[in-house]
*Asks:* 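Below is one structure. I have some questions about it.
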Amino acid sequence: MELFLLITIALIVIFYRGYRGKNTMRFINDQVTVLYDKFAPYSYKKVREKTKQLGQEFTSRQYVIQATLIGGFAAVISYLYFYNLIISIVYLILGVMIVPYLSFLRCNRIYSEFIFEQVQVYTSNTIMEFATTQSFVKALEGVRESGLLEDPVAGDVDRMIELAYKNGSIDESLIYFNNLYPYYIVKNMHQLFLQITKEGARNTFDSLEQMQLDIDTLVEGVYRDRIDRQTFHKKFLQFGIMLYVLSLLVQYLLGKESYILLLEKWYVKMILHLILLINTYFLIKGEKYYNENVGAE
């Protein structure tokens with residue numbers, strides 16, 4: 001009861017300060033931004049900036065709501081496990097601390113989805129341009145001038161063109177792009193263009209058409225996997241949350257008074273802590289799996 005009272009008081013204070021013009025949400029956002037700029041890796045800053053440009057970054061209000069839900073859930077569940085206010089506050093803090101990591105995973109997923117879509121545009125349009133120009137460099141220039149690509153892929157294509165003119169060959173350009181975007185569709189297409197350039201193949205229409213079909217097949221597989229992941233993710237979260245409430249079933253079977261007596265034994269508390277931590281680790285690993293390697297064929 002004390003826990004719910006404290007949460008209620010905290011919410012009243014937040015809403016009251018907002019009503020009085022203190023703008024608590026703005027203050028929280030400013031403090032989080034300062035910490036983020038100080039400790040976030042440079043690579044993640046780039047990813048988050050692109051997520052903002054795509055219009056898919058959470059607002060401050062959404063982050064606060066997420067932190068409130070996760071922290072509140074952690075506090076309530078831990079209180080129902082231990083009936084101890086101090087322990088609930090500790091779990092509440094730990095739950096809020098998970099939010100930045102979840103944000104990191106989400107931004108990486110959005111960024112990788114964006115990169116894969118850009119790679120798909122790059123490969124498909126380069127093949128179509130090459131079928132017309134019969135020159136890999138001219139094909140790259142046509143894709144760049146089409147305006148379909150965005151940074152960082154657009155900038156990397158510019159670098160490929162620069163390397164091709166500088167070296168008089170496409171070898172270094174292909175190595176440069178392959179290292180940045182190690183997708184099968186990129187490597188296979190570049191290998192085909194390299195063979196055409198080196199061997200001087202005359203009739204390339206069939207090879208290019210087959211390559212385009214292979215790209216379409218790979219892309220279809222990636223998008224199908226993305227849909228399957230989303231379905232699995234929803235079921236996974238439901239299952240993971242249900243595991244947390246198993247303690248309530250034990251309390252129902254034993255009775256609340258008997259359960260509280262069990263809590264006086266240190267090893268019972270240790271087992272309950274392990275159950276909470278292991279289940280949380282299980283959920284975080286699932287989130288990591290869902291958000292990683294998006295776009296890998």
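Along the sequence shown, residues are numbered consecutively beginning with 1.
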*Asks:* Which value, rounded to the nearest 0.5 Å, describes the distance between Leu54 atom CG and Glu113 atom CD?
*Replies:*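 Going from the CG atom of Leu54 to the CD atom of Glu113 covers 10.0 Å.
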
*Asks:* Looking at CG of Leu261 and CG of Leu254, how far apart are the two atoms once the value is rounded to the nearest 0.5 Å?
*Replies:*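 Those atoms lie 10.5 Å apart.
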
*Asks:* Same cluster or not: Tyr183 versus Leu194, using hydrophobic residues (I, L, V, M, F, W, Y) connected whenever any side-chain heavy atoms lie under 4.5 Å apart?
*Replies:*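 Result: yes, single cluster for both.
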
*Asks:* Enter the distance from Ser103:OG to Glu57:CD here, rounded to the nearest 0.5 Å.
*Replies:*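 That separation rounds to 5.5 Å.
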
*Asks:* Between Val119 and Met128, is there shared hydrophobic-cluster membership here, with clusters defined by ILVMFWY side-chain heavy atoms closer than 4.5 Å?
*Replies:*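 They do not share one cluster, since no chain of ILVMFWY contacts under 4.5 Å joins Val119 to Met128.
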
*Asks:* Looking at CG of Asp158 and CG of Asp151, how far apart are the two atoms once the value is rounded to the nearest 0.5 Å?
*Replies:*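 The CG atom of Asp158 sits 8.0 Å away from the CG atom of Asp151.
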
*Asks:* For the side chain of Asn84 and the backbone of Ile86, is there at least one donor-acceptor N/O pair under 3.5 Å apart?
*Replies:*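 Side chain of Asn84 to backbone of Ile86: a pair is present.
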
*Asks:* Are the side chain of Thr217 and the backbone N or O of Leu213 linked by a donor-acceptor pair below 3.5 Å?
*Replies:*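 The answer is yes, because a donor-acceptor pair under 3.5 Å joins these two groups.
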
*Asks:* Run the numbers on Ile241 and Phe73 for side chain to side chain contact (heavy atoms under 4.5 Å, CB included), then give the verdict.
*Replies:* CA-CA 10 Å; Ile241 291 174; Phe73 180 79; 4.0 Å; yes

*Asks:* Both conditions, 6.0 Å and 45 degrees, for the charged tip of Arg109 above the ring of Phe104: are they met here?
*Replies:*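 Checked: cation-pi criterion not met.
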
*Asks:* To the nearest 0.5 Å, what is the distance between OG1 on Thr51 and CD on Gln56?
*Replies:*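 So the gap between those two atoms works out to 7.5 Å.
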
*Asks:* Can you name the nearest heavy-atom pair linking Thr123 to Gln120, along with the distance?
*Replies:*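 In this case the closest contact between Thr123 and Gln120 is OG1-O, 3.0 Å.
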
*Asks:* Classify the ring geometry of Phe114 against Tyr111: parallel below 30°, tilted from 30° to 60°, perpendicular beyond 60°.
*Replies:*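 Taking Tyr111 first and then Phe114, their aromatic rings sit tilted (interplane angle of 30° to 60°).
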
*Asks:* Run the numbers on Met160 and Leu174 for side chain to side chain contact (heavy atoms under 4.5 Å, CB included), then give the verdict.
*Replies:* CA-CA 7 Å; Met160 290 178 71; Leu174 300 186; 4.3 Å; yes

*Asks:* Run Gln118 and Tyr181 through side chain to side chain contact (heavy atoms under 4.5 Å, CB included) and show every step you take.
*Replies:* CA-CA 11 Å; Gln118 286 287 289; Tyr181 307 100; over 6 Å; no

*Asks:* Taking C-beta and beyond as the side chain, do Pro152 and Leu180 meet within less than 4.5 Å on heavy atoms?
*Replies:*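 Not in contact.
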
*Asks:* Strictly below 4.0 Å, N to O, side chains only: are Arg224 and Asp228 in salt-bridge contact?
*Replies:*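 No, Arg224 and Asp228 are not salt-bridged.
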
*Asks:* Is any side-chain heavy atom of Val121 less than 4.5 Å from a side-chain heavy atom of Val153?
*Replies:*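 Of all side-chain heavy-atom pairs linking Val153 with Val121, none is under 4.5 Å.
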
*Asks:* Assign the ring pair His190 / Phe136 to parallel, tilted or perpendicular, where the plane angle (0 to 90°) is split at 30° and 60°.
*Replies:*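 His190 vs Phe136 ring planes: perpendicular.
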
*Asks:* Any heavy-atom pair between the side chains of Ile70 and Leu102 that's under 4.5 Å?
*Replies:*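 Leu102 vs Ile70: side chains touch.
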
*Asks:* Between His273 and Phe82, is the ring centre distance below 6.0 Å?
*Replies:*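 Centroid separation for His273 and Phe82: below 6.0 Å.
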
*Asks:* Would you say the side chain of Tyr83 lies within less than 4.5 Å of the side chain of Gln251, judging by non-hydrogen atoms?
*Replies:*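 A side-chain contact exists here, since the closest heavy-atom pair is under 4.5 Å.
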
*Asks:* Before we go on, tell me: are the rings of Tyr79 and Tyr91 under 6.0 Å apart, centre to centre?
*Replies:*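 Not under 6.0 Å, so no.
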
*Asks:* Is there side-chain contact between Gln62 and Gln66, with at least one heavy-atom pair below 4.5 Å?
*Replies:*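 SC-SC contact between Gln62 and Gln66 ruled out.
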
*Asks:* Please report the closest heavy-atom contact between Pro182 and Lys187, naming both atoms and the distance.
*Replies:*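 Residues Pro182 and Lys187, closest heavy atoms: CA-CE, 4.0 Å.
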
*Asks:* Between Ser88 and Tyr81, is any side-chain donor less than 3.5 angstrom from a side-chain acceptor?
*Replies:*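 No.
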
*Asks:* Is it the case that more than 12 heavy atoms not belonging to Phe239 sit under 6.0 Å from its CZ atom?
*Replies:*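 No, not enclosed.
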
*Asks:* Among the clusters formed by ILVMFWY side chains lying less than 4.5 Å apart, do Ile284 and Leu69 turn up in the same one?
*Replies:*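 Not linked; separate clusters.
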
*Asks:* If we ignore hydrogens and angles and just use 3.5 Å, is the side chain of Arg229 paired with the main-chain N or O of Tyr289 as donor and acceptor?
*Replies:*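 Flag set: sc Arg229 to bb Tyr289 pair under 3.5 Å.
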
*Asks:* Is any side-chain heavy atom of Thr126 closer than 4.5 Å to a side-chain heavy atom of Met189?
*Replies:*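 Heavy-atom side-chain distance check passes, below 4.5 Å.
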
*Asks:* Do Ile260 and Tyr267 land in one hydrophobic cluster if side-chain heavy atoms of ILVMFWY residues count as linked below 4.5 Å?
*Replies:*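 Yes, same cluster.
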
*Asks:* Do the side chains of Glu129 and Lys138 get close enough for a salt bridge, i.e. N-O under 4.0 angstrom?
*Replies:*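 The answer is no: the pair does not qualify as a salt bridge.
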
*Asks:* Do the side chains of Tyr281 and Lys285 get nearer than 4.5 Å, heavy atoms only?
*Replies:*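 Sidechains of Tyr281 and Lys285: in contact.
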
*Asks:* So, Ser173 side chain and Ala164 main chain: donor-acceptor pair closer than 3.5 Å or not?
*Replies:*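 Looks like yes, one N/O pair under 3.5 Å.
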
*Asks:* With a 3.5 Å distance limit and no angle check, can you tell me whether Asn279 reaches the backbone of Ile275 through a side-chain donor-acceptor pair?
*Replies:*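 No; zero donor-acceptor contacts below 3.5 Å.
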
*Asks:* Would you say Phe116 and Ile185 make side-chain contact, with heavy atoms under 4.5 Å?
*Replies:*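 In contact.
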
*Asks:* Check Ile98 against Thr280 and note the closest heavy-atom contact, atom names and distance.
*Replies:*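 Closest heavy-atom pair between Ile98 and Thr280: CD1-CG2, 4.1 Å.
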
*Asks:* How about Phe177 and Tyr122: are their ring centroids closer than 6.0 Å?
*Replies:*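 Judged by ring-centre distance (under 6.0 Å), Phe177 and Tyr122 do meet the cut-off.
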
*Asks:* What are the two closest non-hydrogen atoms of Cys107 and Val47, and how far apart are they?
*Replies:*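 Closest approach of Cys107 to Val47: O-CG1, 3.3 Å.
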
*Asks:* Rounded to the nearest 0.5 Å, how far apart are OG of Ser146 and CD of Glu141?
*Replies:*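 The distance works out to 12.0 Å.
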
*Asks:* Does Ile175 belong to the same Ile/Leu/Val/Met/Phe/Trp/Tyr cluster as Tyr184, with side-chain heavy atoms less than 4.5 Å apart forming each link?
*Replies:*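 Each belongs to a different hydrophobic cluster.
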
*Asks:* Let me see the working for Gln53 and Lys50 under side-chain hydrogen bond (donor to acceptor under 3.5 Å, both in side chains), right down to the final yes or no.
*Replies:* CA-CA 5 Å; Gln53 293 176 12; Lys50 176 54 73 173; 3.1 Å; yes

*Asks:* Looking only at heavy atoms, which two atoms of Leu105 and Asn291 are closest? And how far apart?
*Replies:*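 For Leu105 versus Asn291, the nearest heavy atoms are O-CB, 3.4 Å.
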
*Asks:* Verify side chain to side chain contact (heavy atoms under 4.5 Å, CB included) between Phe232 and Tyr290, making sure each step is shown before the conclusion.
*Replies:* CA-CA 9 Å; Phe232 167 79; Tyr290 169 67; 6.0 Å; no

